[in-house]
*Asks:* 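Before anything else, here's the structure in question.
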Protein chains: 2
Amino acid sequence: MFHGLSAFPLTPLREGKFDEQAFVQLLRPLVDAGVDSLGILGSTGSYAYLTPEERTHITRCAVAHADNIPVSVSIGALRLDDILRLADEAQSAGARGVLLAPVSYQRLTAEEVFTLYETVTHRISVPLCIYDNPATTGFEFNDELLYAVAALPNVKSVKLGRTPDNIAHMRARLPESVTLGISGDWRAASALQAGFDVWYSVIAGLYPQTALAIARAKDTAASDRLAPLWALFRQYGSLRVMAAAAEMSGKVAAPALPFPLASLSGKPRETLAAILAELALA
Amino acid sequence: MFHGLSAFPLTPLREGKFDEQAFVQLLRPLVDAGVDSLGILGSTGSYAYLTPEERTHITRCAVAHADNIPVSVSIGALRLDDILRLADEAQSAGARGVLLAPVSYQRLTAEEVFTLYETVTHRISVPLCIYDNPATTGFEFNDELLYAVAALPNVKSVKLGRTPDNIAHMRARLPESVTLGISGDWRAASALQAGFDVWYSVIAGLYPQTALAIARAKDTAASDRLAPLWALFRQYGSLRVMAAAAEMSGKVAAPALPFPLASLSGKPRETLAAILAELALA
């Protein structure tokens, strides 16, 4: 489930509602390209902004169009009871794995985070990926907590938004059955070269061939050619950039994101258009 | 509406559901003590963890038991359409003011935050308080954005979790009709002495007489006597501390907070009990 290239598509909205037709059309090229898994309803898929009912519907839709490619789903929410319900519904809807970030309003303590994962991992029967994303959760795993959570049953991957100082040391402390995954597309090629097992990829959600070429060859030179795109990702957030790219391509309606989130506009949007044309991604 | 002492009570849960009876019993001493307003469903009132339906119900309940004391309600949510709906329902339920923090999963940009407040302030007919709380939202207002938002119609207060370097300068830049409010109980007395107009107070939600005595006299010495309590607030978060105090008093059922949030337990809870006894707050 959690290896190779996991593609994270947008969840396009149309007038604030899930646009199923556009979503299916976003999924098709990912399936045709043969990505290793579909990471739907990730941060790029706006999971936090959708109701449990919408999330279940979107999961069913993705599974129906995924052919044999496994689908993983983020089950994060503020309340534990909502997370457990989302976990149950994701599994019923055919998800073959779940991602869980310690979503917060009140920043969580390490004890609260451990108890959260302990409760969820005992409830589920599919593999879980620990999703460490301090930029969205405000919570940063320290290494000891990460190892403790990774040792819980059903945990099969870690999605890290950083490259640890000593990857070999981290691997040695993680259970053998737990894969090490990278997020933050700009650091993915070098992370794969350094021994990461899986790239949780935003660009693969829109440009699967480009991402597959980088992932299969662990091709840092090919990744470096995308540096102008990575610069926009870092400055504006990959979600705002990819939403603008999808809007400009006509694949999704504008605005594709839920207010108050806004895709790139004005000058940065023009810059993006020029970069995509230059990189032949438009 | 937004002046003097605004008391922020807990929203107690019982087995994960709103405990109306306990809530009413928490409100009564605040009303009897004569706080200047009730800030229900603040961060201390766990607003982010409750459904819109629960929030409307809780607002009606508070208004019904507030006598003539004005009730303000937080209307924050991740999606603008939810915020607008919450604003409408808060007003229909009798709230005389609303608080709005730029709640986020994806950290918002300054432009997104301005558009958010612009849209909301044009929709409402009651006063709004800008709620700047980077610890929960991940978003920090810079001064220019704060002044721009404060100039929008219906904005009548700012709830700041910091004391600006130059209060006189900030006052001069804010519209005259906008009051300056402090949150973070440990800094409130000195902020009031330095010219703040309103204390958005967590301890007033459980110990209104103590808070009123400090607020009315701007009594930093009285505040300093609570230093051991402030130390716990800073270390564990005021919500976890107040929830433990309320649980220990028997006024609310345990656990009063929504999982994964947990009130103080173990040694810190014992420390709190000793502090409350020493301060005659137990």
Side-chain angles (χ1 to χ4, degrees), chain A residues 13 15-17 43-44 46-52 74 76-84 100-120 133-139 235-240 243 255 257-266 268, chain B residues 13 15-17 43-44 46-52 74 76-84 100-120 133-139 235-240 243 255 257-266 268:
Chain A
L13 303 185
E15 295 177 1
K17 301 285 181 195
S43 292
T44 302
S46 300
Y47 74 93
Y49 299 84
L50 300 164
T51 65
S74 296
L78 286 176
R79 286 187 64 154
L80 177 59
D81 44 12
D82 288 330
I83 297 169
L84 294 175
L100 179 59
V103 177
S104 75
Y105 176 77
Q106 299 281 352
R107 298 290 166 264
L108 298 176
T109 66
E111 291 76 13
E112 288 166 346
V113 168
F114 183 79
T115 303
L116 170 65
Y117 281 92
E118 190 178 39
T119 308
V120 173
N133 190 345
T136 58
T137 65
F139 182 85
Q235 186 169 359
Y236 299 103
S238 55
L239 175 61
R240 292 184 185 86
L257 298 180
F259 288 114
L261 294 180
S263 70
L264 292 196
S265 62
Chain B
L13 303 184
E15 293 176 6
K17 302 286 182 196
S43 292
T44 303
S46 300
Y47 74 93
Y49 299 84
L50 300 164
T51 66
S74 296
L78 286 176
R79 287 188 64 154
L80 177 59
D81 45 10
D82 289 329
I83 297 169
L84 294 175
L100 179 59
V103 177
S104 74
Y105 176 77
Q106 300 280 351
R107 297 293 166 261
L108 298 175
T109 66
E111 292 76 13
E112 288 166 345
V113 167
F114 183 80
T115 303
L116 170 66
Y117 281 93
E118 191 178 38
T119 309
V120 173
N133 189 344
T136 57
T137 65
F139 182 84
Q235 185 169 1
Y236 299 103
S238 55
L239 176 62
R240 292 184 185 87
L257 298 179
F259 288 114
L261 294 180
S263 70
L264 293 196
S265 61

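Proteins come first, then strands; the chains are lettered A, B, ... in the order of their sequence lines, and each starts at number 1. It should be emphasised that the depicted structure is a prediction, and the values quoted were computed from it without experimental measurement.
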*Asks:* Which bit of A:T109 is near chain B, if near means a heavy-atom gap under 4.5 Å: side chain, backbone, both or neither?
*Replies:* both
*Asks:* Side chain, backbone, both or neither: which part of B:A262 has an atom under 4.5 Å from a heavy atom of chain A?
*Replies:* both
*Asks:* What do you reckon, is CZ of B:F114 surrounded by more than 12 foreign heavy atoms closer than 6.0 Å?
*Replies:* yes
*Asks:* Do the non-hydrogen side-chain atoms of B:Q106 and A:Y49 ever get within less than 4.5 Å of each other?
*Replies:* yes
*Asks:* For B:R240 and A:R107, which heavy atoms make the closest approach, and how far apart are they?
*Replies:* NH2-O, 2.8 Å
*Asks:* Got a second to check how far B:Y105's OH is from A:L78's CG, nearest 0.5 Å?
*Replies:* 11.0 Å
*Asks:* Of all of B:S265, B:P260, B:A101, B:S46, which one pairs up most often with chain A through heavy atoms under 4.5 Å apart?
*Replies:* B:P260
*Asks:* Spell out, as yes or no, whether a donor-acceptor pair under 3.5 Å connects the side chain of A:R79 to the backbone of B:G16.
*Replies:* yes
*Asks:* Please identify, among A:S104, A:S43, A:G237, A:G138, the residue contributing the most non-hydrogen atom pairs under 4.5 Å to chain B.
*Replies:* A:S43
*Asks:* For A:V113, is it the side chain, the backbone, both, or neither that has a heavy atom closer than 4.5 Å to a heavy atom of chain B?
*Replies:* neither
*Asks:* What part of A:A135 lies closer than 4.5 angstrom to a heavy atom of chain B: side chain, backbone, both or neither?
*Replies:* backbone
*Asks:* Please flag which part of B:Y47 lies under 4.5 Å from any non-hydrogen atom of chain A: side chain, backbone, both or neither.
*Replies:* side chain
*Asks:* Pick from A:L116, A:L80, A:L108: which one makes a side-chain contact (heavy atoms from CB on, under 4.5 Å) with B:L261?
*Replies:* A:L108
